Structure formats: structure tokens, C-alpha cells
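Step one of this worksheet: look at the structure below.
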Amino acid sequence: MAKDKKLVEAITSMEDDFAQWYTDVVKKAELIDYTSVKGCMVIKPAGYAIWENIQHELDRRFKETGVENVYLPLFIPESLLQKEKDHVEGFAPEVAWVTHGGLEPLQERLCVRPTSETLFCDFYAKDIQSHRDLPKVYNQWCSVVRWEKTTRPFLRSREFLWQEGHTAHATAEEAEERTIMMLNVYADFCEEVLAIPVVKGRKTDKEKFAGAEATYTIESLMHDGKALQSGTSHNFGDGFAKAFGIQYTDKENKLQYVHQTSWGMTTRMIGAIIMVHGDNSGLVLPPRIAPVQVMVIPIQQKKDGVLDKAYEVKDLLKKAGLSVKVDDSDKSPGWKFSEQEMRGIPVRIELGPKDIEAGHAVIVRRDTREKIIVPFEELETKVPEVLETMQKEMLERARAHRDAHTYTASSMEEFKKLADEKPGFIKAMWCGCQECEDALKEEAGVTSRCIPFEQEEISGTCVHCGKPAKHMVYWGKAY
RNA sequence: CGGAGUGUGGCUCAGCUUGGUAGAGCGCUACGUUCGGGACGUAGAGGUCGCAAGUUCAAAUCUUGUCACUCCGACCA
């Protein structure tokens with residue numbers, strides 16, 4: 001990566017204070033504003049447009065696999081939430097309750113959904129009768145509420161936007177297949193659209209979703225070496241079906257329980273984009289997710305013909321399928337450059353009297369700041385090309401960063417030293433018992449991120465207890 | 001839920017120790033000059049000092065209470 005030159009004083013440099021840098025970027029890129037309720041934010045147009053693009057891309061991919069969208073209520077009666085024991089224990093500490101309707105106390109309090117498994121189960125119990133009713137492959141786009149103690153924009157807010165898919169299947173095999181299929185949709189989306197490389201794997205029992213038989217996850221690594229759980233897909237087996245009585249009559253006229261899955265991705269991904277790609281000048285958006293891909297910046301725009309040419313370039317690129325804007329505000333060019341960089345707009349086109357006379361424009365890439373002089377007649381082919389190259393190189397750079405911050409430990413001393421000194425993933429063998437998992441948290445401050453599908457044999461024994469190892473596990477400090 | 005801190009124009013903060021006319025910078029509005037990496041001039045608008053009670057001739061300032069937020073720990077997409 002090109003050496004970051006800090007051009008704007010208002011953004012703390014990430015080397016000095018990563019957390020402050022993150023907050024500065026979120027504010028300066030005008031993604032959010034704080035509100036009077038802790039952990040609840042206004043998502044401003046620049047932030048919401050990113051979410052809309054995430055929605056469009058994911059929704060399209062979902063529907064290609066047969067997903068249908070639905071909408072279920074915001075409220076869950078307490079009795080419903082309590083039907084599955086592990087589930088309620090997992091979520092009870094962080095739900096918000098509605099106790100009054102108007103001035104009257106409610107007979108039964110209602111929780112604001114922290115997730116909608118129980119509502120879907122209640123619905124499926126009524127809606128599913130026969131094997132002919134299966135599978136159900138539903139998804140909803142909504143917001144959920146979890147009363148977090150510590151909050152951060154996008155990464156952990158009390159209300160957040162997400163999609164939650166909930167499916168019901170006739171067989172365990174089919175449910176497992178759907179669970180893995182959706183994990184793959186998430187992984188492809190992250191890599192191809194967000195340019196964020198991920199590790200696919202399974203969560204340990206300690207880290208899995210409350211009520212799930214198995215939780216699969218994609219884990220990504222932020223620029224500061226901390227891990228971020230970026231999407232999860234759960235296989236519930238028939239546990240919820242038994243708790244909620246979701247049964248169907250099979251072809252042999254026998255009653256069977258359904259097998260269920262759920263999977264979700266949230267506005268947290270906007271935080272991931274910031275922390276994977278951002279630099280000391282602000283946000284850097286991958287071209288495929290950027291709401292505005294090209295900003296045309298006219299120079300000496302009051303001179304004859306400059307603005308006209310800028311609009312002409314905009315129209316030309318719009319016809320080529322790009323999202324383009326002209327910054328025709330009366331700020332100075334320097335201001336506009338900084339603004340475009342803070343907002344992470346992938347490419348800007350500088351256009352002044354000198355360029356117009358010479359018959360070309362100056363294209364500048366946000367990520368590398370590389371300047372490319374392009375004759376006007378080549379713009380409509382060259383700009384899309386530059387955007388594609390940038391998209392590809394952003395993924396490669398992120399992957400190189402992740403690989404450079406992935407370490408291997410085969411002894412406890414080595415493990416602790418790495419956890420202390422080298423932010424990143426640590427790969428190490430594990431015996432499979434929770435005592436060792438807890439001990440690694442206690443002694444090294446890390447949690448298990450996942451048991452990756454791609455296993456390696458680092459050694460034969462658990463890094464903590466020395467007993468025979470069952471799995472290679474990715475460990476790390478997580479957001 | 002523990003520990004620390006902060007509440008004063010839209011934002012960042014000074015003023016509080018030692019009570020006495022509410023301040024600065026940035027931003028905002030209008031006009032003009034500028035324009036290839038956050039330009040400048042002139043004129044202007046904008047604040048019941050988080051809230052409540054108390055002490056006092058007088059409270060942003062002292063006392064008590066209360067609410068909110070931020071940061072650090074334990075819990076979490």
C-alpha cells in the first residue's frame with residue numbers, strides 16, 4: 001500500500017489510536033450521527049446508501065437460491081420467548097421490554113425482538129402441516145434490539161439493521177445443506193463485493209448461537225489485527241421444532257419434526273468495510289459497494305465551459321453504467337479532494353481549463369492515489385477498467401494483510417507471546433474441551449474465532465493441555 | 001454492574017480554584033475577491049451555562065440531589 005499521507009488534521013491517525021480513528025472516519029464520512037439514546041444512531045444518507053447496496057446485492061443472491069422475503073412483528077410475548085431454554089438464557093440479559101400500552105400495564109410484557117427465531121417457530125407451527133409445505137425458505141429485513149452495555153457505531157449498537165433468514169426442512173441433510181449454502185453466499189459476497197477476505201468455519205460449542213446445534217461463521221481480520229465475526233449461519237437440527245411443536249406428516253403418513261436453520265448479516269459490515277479498507281485520509285469504499293463511484297471535481301469552475309464539460313463527463317460515465325456526481329459546490333478544489341477522500345469515493349476525475357485545452361482528464365484512484373491521464377474519448381472504457389482493477393487489488397491487499405497477520409503457535413509460551421505482541425489470528429491445535437478454551441481466554445486474552453473448514457496439522461497435541469488435539473482453531477481478540 | 005471522567009451557541013472548548021455585564025476558534029448567513037491538496041476580506045445571526053432544590057444582595061462558578069453521555073473493565077452480530 002502507498003504510504004498514507006495524512007492530509008486532514010481532523011482524522012486521528014490509525015497508528016496513534018485506532019478506536020479514535022474509527023470514530024473520526026465514521027463522523028467525517030458522514031455515515032452516522034449520535035442521538036440522545038445511547039447506542040442508537042442516525043444512519044445518514046452516505047451510510048444508509050451503503051446499506052442499501054449491501055441489501056440489493058445480498059437480496060439478489062438470496063433469491064437466486066429460492067429465498068422469499070416476509071415480515072414478522074417487532075414484539076415477542078414473554079411466554080413465547082421462553083419456549084426454548086438455551087435460547088432464552090442466551091438472550092434474556094439483553095432484551096428490552098415493553099410493559100405498558102398507553103397508560104395501562106400489559107397483562108404479559110412484550111420483548112422487542114433481539115432475533116426472531118421464536119416468532120418464526122410460532123408461525124411455522126401453524127403454517128406447516130404436510131411434507132408438501134416444505135421447505136420454507138424465508139428471510140426478513142428488519143431491525144432488532146439488544147441492550148448492549150458498551151456500544152460503538154455499526155460494530156455494536158443497541159438497535160441494528162440486518163436480515164435474518166429462517167428455514168424449515170424435512171430432513172437434517174437438507175437443513176445442513178442450506179446452512180452451508182448460506183454461509184457460502186455470505187463468504188462470496190464479502191470477498192467479491194466488499195473485498196474482505198474471510199475464513200469459513202464452525203464455532204466451538206462455547207461460541208455457538210443460543211439454541212443451535214451448530215453455528216458456522218465467516219471471520220475477517222480488521223486492520224488493527226482484531227477479528228470480526230462477519231456473518232453466521234446456524235443449523236438448529238430439530239431442537240426448536242420440538243420446543244415449538246413444528247411437525248409435518250411425511251409421505252408414509254407419519255408425524256415428523258422439521259429441521260431448521262437461520263442466518264444473518266448486519267450493518268456491522270459497514271464497520272468492517274471501514275476497518276479493513278480505510279486509511280488516514282478516511283474511508284475507502286470498494287467500487288462495487290460505493291453509492292457514488294466517481295466524483296468529478298471541476299477546477300476554476302467559473303471559467304467558461306468547465307462546468308459544462310464536467311456535466312458532459314458525468315453523463316458519459318452514467319451511460320457506461322457508473323454512479324457519478326459532480327462536486328459543483330463553491331468550495332476550493334483542495335476541499336473537494338479531501339471531502340471525496342474522507343467519504344471514500346473510489347475515483348475522482350479532476351477537470352480544469354488546462355485539461356480541457358489538452359483534451360484529457362485526470363483520474364485519481366482513492367486507494368493508491370495513482371493519477372492517470374486519460375483522453376476524453378477513452379474515459380468511458382478506462383474508468384470502469386480502473387474501478388475493476390481497484391476492486392481486485394483491494395481484496396488482494398486485504399488478503400495479504402490478513403495472511404501477514406496470521407500466526408501459528410505450537411506451544412503455550414509461543415501462543416502467549418503472539419497474543420501479547422502480534423495482533424492477528426493465531427492458529428493452534430485444540431483438544432476440544434471447554435476448560436482449555438476458557439484457559440486461553442484467561443491466560444492469553446483470546447477467544448476461539450472458528451474451527452476452519454480447511455484444517456492443517458500443526459502438531460498432534462492441544463496447545464494448552466498437551467492432550468491429543470482434535471482441531472486446528474483460529475484464535476484472536478475480537479470486536 | 002464496578003472504576004474514572006464530562007455536561008456552557010451547530011461543533012471543539014475556555015471561564016469555575018477566589019460568586020459580580022456569557023467568551024474564543026471552527027461552522028452557519030449575505031456580498032465580494034479566489035480556485036491544480038481543506039483560500040481570504042467585510043458585515044451579520046445564534047446561548048434560560050443538562051435538570052431541580054438550596055446558600056447569597058447576587059450563582060455557569062459554592063452545596064445537595066438528579067439525569068444523560070463518554071472512556072476503561074465483566075457480557076455481546
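Residue numbers start from 1 in every chain, and the chains themselves are labelled A, B, ... in the order their sequence lines are given, proteins ahead of strands. Please read all numbers here as calculations on a predicted model, not as lab measurements.
Counting non-hydrogen atoms under 4.0 angstrom, A:Lys303 reaches nothing in the nucleic acid. Using a 4.0 Å heavy-atom criterion, one finds that A:Thr267 contacts no nucleic acid atom at all. Within 4.0 Å (heavy atoms only), A:Lys149 reaches at least one base atom of the nucleic acid. Looking at heavy-atom distances under 4.0 Å, A:Glu350 makes contact with a base. If you check every strand for non-hydrogen atoms under 4.0 Å, A:Lys354 touches a base. Among the atoms of the strands shown, none is found under 4.0 Å from any heavy atom of A:Leu228. Within 4.0 Å of A:Val362, counting heavy atoms only, lies at least one base atom of the nucleic acid. Contacts of A:Pro333 with the nucleic acid, taken as non-hydrogen atoms under 4.0 Å apart, include base atoms. A:Phe154 comes within 4.0 angstrom of a base, heavy atoms only. Residue A:Lys27 is out of contact with every strand shown, counting any heavy-atom pair closer than 4.0 Å. Using a 4.0 Å heavy-atom cutoff across all strands shown, A:Thr217 reaches no nucleic acid atom at all. Heavy atoms of A:Gly352 sit under 4.0 angstrom from at least one base atom.
In this view, A:Phe376 satisfies the ring-ring contact (aromatic ring centres under 6.0 Å, His included) rule with no residue, not counting sequence neighbours. Listed by chain and number, the residues in a ring-ring contact (aromatic ring centres under 6.0 Å, His included) with A:Phe160 are A:Trp162 (sequence neighbours excluded). Partners of A:His405 by side chain to side chain contact (heavy atoms under 4.5 Å, CB included), not counting sequence neighbours, listed by chain and number: A:Leu221, A:His401, A:Tyr407. Under the ring-ring contact (aromatic ring centres under 6.0 Å, His included) criterion, A:Trp97 pairs with no residue at all, not counting sequence neighbours. Remark: A:Phe453 engages A:Tyr216 in a ring-ring contact (aromatic ring centres under 6.0 Å, His included) (not counting sequence neighbours). In this structure, the side chain to side chain contact (heavy atoms under 4.5 Å, CB included) partners of A:Cys433, at least two apart in sequence or on a different chain, are A:Cys431, A:Glu435, A:Cys436.
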Would you sketch RNA chain B in dot-bracket for me? Only Watson-Crick or G-U wobble pairs with both distances under 3.5 Å count, crossing pairs as [ ], other-strand pairs as |, the rest as dots. ((((((((.[[[[.)....(..]]]].((((((.....)))))).....[[[[[..)....]]]]])))))))....

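The side chain of A:Arg348 approaches B:rG37 more closely than any other nucleotide in the set B:rG37, B:rA77, B:rG36. Closest to the A:Arg146 side chain, of the nucleotides B:rA77, B:rC75, B:rG36, is B:rA77. Closest to the side chain of A:Thr151, from the set B:rA77, B:rG73, B:rU70, is B:rU70. Checking B:rC35, B:rG37, B:rA77 against every side-chain atom of A:Ile299, the shortest atom distance belongs to B:rC35. Here the side chain of A:Lys38 is nearest to one of B:rC69, B:rA39, B:rC28, namely B:rC69. Distances were taken from every side-chain heavy atom of A:Thr150 (C-beta onward) to each of B:rA74, B:rC75, B:rC35; the shortest belongs to B:rA74. Among the nucleotides B:rA77, B:rG36, B:rG37, the one closest to the side chain of A:Asp355 is B:rG36.
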Where along nucleotides 40-45 of chain B does protein come under 4.0 Å, by heavy atom, of base (B) or sugar-phosphate alone (S), with - for untouched nucleotides? ------

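Nucleotides B:rA53 and B:rA58 are separated by 15 Å at their P atoms, to the nearest Å. B:rA30 sits 36 Å from B:rC69 when the P atoms are compared, rounded to a whole Å. For the P atom pair drawn from B:rC71 and B:rA24, the interatomic distance equals 31 Å after rounding to whole Å. Comparing the C1' positions of B:rU56 and B:rU18 gives an interatomic distance of 16 Å, to the nearest angstrom. Spacing between B:rA60 and B:rC49 at atom P, rounded to whole Å, works out to 6 Å. Taking atom P in both B:rA52 and B:rA14, the straight-line distance is 24 Å, to the nearest Å. Across the C1' atoms, B:rG27 and B:rG47 are found 16 Å apart, a figure rounded to whole Å. B:rG5 and B:rU63: their P atoms are spaced 15 Å apart (whole Å).
Residue pairs meeting the salt bridge (Lys or Arg N to Asp or Glu O under 4.0 Å) criterion with at least one member in residues 220-232 of chain A: none, sequence neighbours excluded. For the side chain to side chain donor-acceptor pair (under 3.5 Å) condition, the pairs that include at least one residue of residues 143-153 of chain A, sequence neighbours left out, are A:Ser143-A:Glu159.
Between A:Lys208 and A:Arg152, the residue whose closest nucleotide on RNA chain B is further toward the 5' end is A:Arg152. Toward the 5' end of RNA chain B, the nearer of the two residues A:Gly39 and A:Lys331, judged by each one's closest nucleotide, is A:Lys331.
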Filtered N/O pairs between nucleotides 3-8 of chain B and protein, under 3.5 Å:
none

Kindly list each side-chain donor-acceptor pair under 3.5 angstrom involving residues 81-88 of chain A, sequence neighbours excluded, with atom names and distances?
{"from": "A:Glu84", "atom 1": "OE1", "to": "A:Asp86", "atom 2": "N", "distance (Å)": "3.1"}
{"from": "A:Glu84", "atom 1": "OE1", "to": "A:His87", "atom 2": "N", "distance (Å)": "2.9"}
{"from": "A:His87", "atom 1": "ND1", "to": "A:Ala210", "atom 2": "O", "distance (Å)": "3.2"}

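Computed from coordinates, the A:Lys302 NZ to B:rU33 C1' distance equals 9 Å when rounded to whole Å. Rounded to whole angstrom, the span from the CZ atom of A:Phe337 across to the P atom of B:rA39 amounts to 11 Å. Following rounding to the nearest Å, A:Asp330 (CG) and B:rG32 (P) show an atom-to-atom distance of 11 Å. Atom CD1 in A:Ile196 sits roughly 14 Å away from atom C1' in B:rA77 (whole-Å rounding). In this structure, the OH atom of A:Tyr34 is 6 Å from the P atom of B:rC71, given to the nearest Å. Spacing between atom NZ of A:Lys226 and atom P of B:rA77 amounts to 15 Å, rounded to whole angstrom units.
Both thresholds, 5.5 Å between centres and 30° between ring planes, are not jointly met by A:Trp162 relative to the base of B:rA77, so the two rings are not stacked.
Of the possible donor and acceptor atoms, none in the side chain of A:Thr118 sits under 3.5 Å from a partner among the backbone N and O of A:Leu80.
Rounding to the nearest 0.5 angstrom, the gap separating the CZ atom in A:Arg268 from the OG atom in A:Ser230 is 7.5 Å.
Evaluation of atom-type donor-acceptor distances gives a pair under 3.5 Å for the side chain of A:Glu341 against the base of B:rG37.
OP1 or OP2 of B:rA39 has at least one side-chain nitrogen or oxygen of A:Ser332 nearer than 4.0 Å.
Two residues are said to be in side-chain contact when any heavy atoms from C-beta on lie closer than 4.5 Å; A:Arg288 and A:Leu387 fail this criterion.
At most 12 heavy atoms of other shown residues, nucleotides or ligands fall within 6.0 angstrom of atom NZ in A:Lys382.
In this pair, A:Phe120 and A:Tyr124 present their aromatic rings tilted. The plane angle is within the 30 to 60° band.
Residue A:Val144 comes nearest to A:Glu164 through the heavy atom pair CG1-OE2, 4.3 Å, listed as atom of the first residue, atom of the second, then distance.
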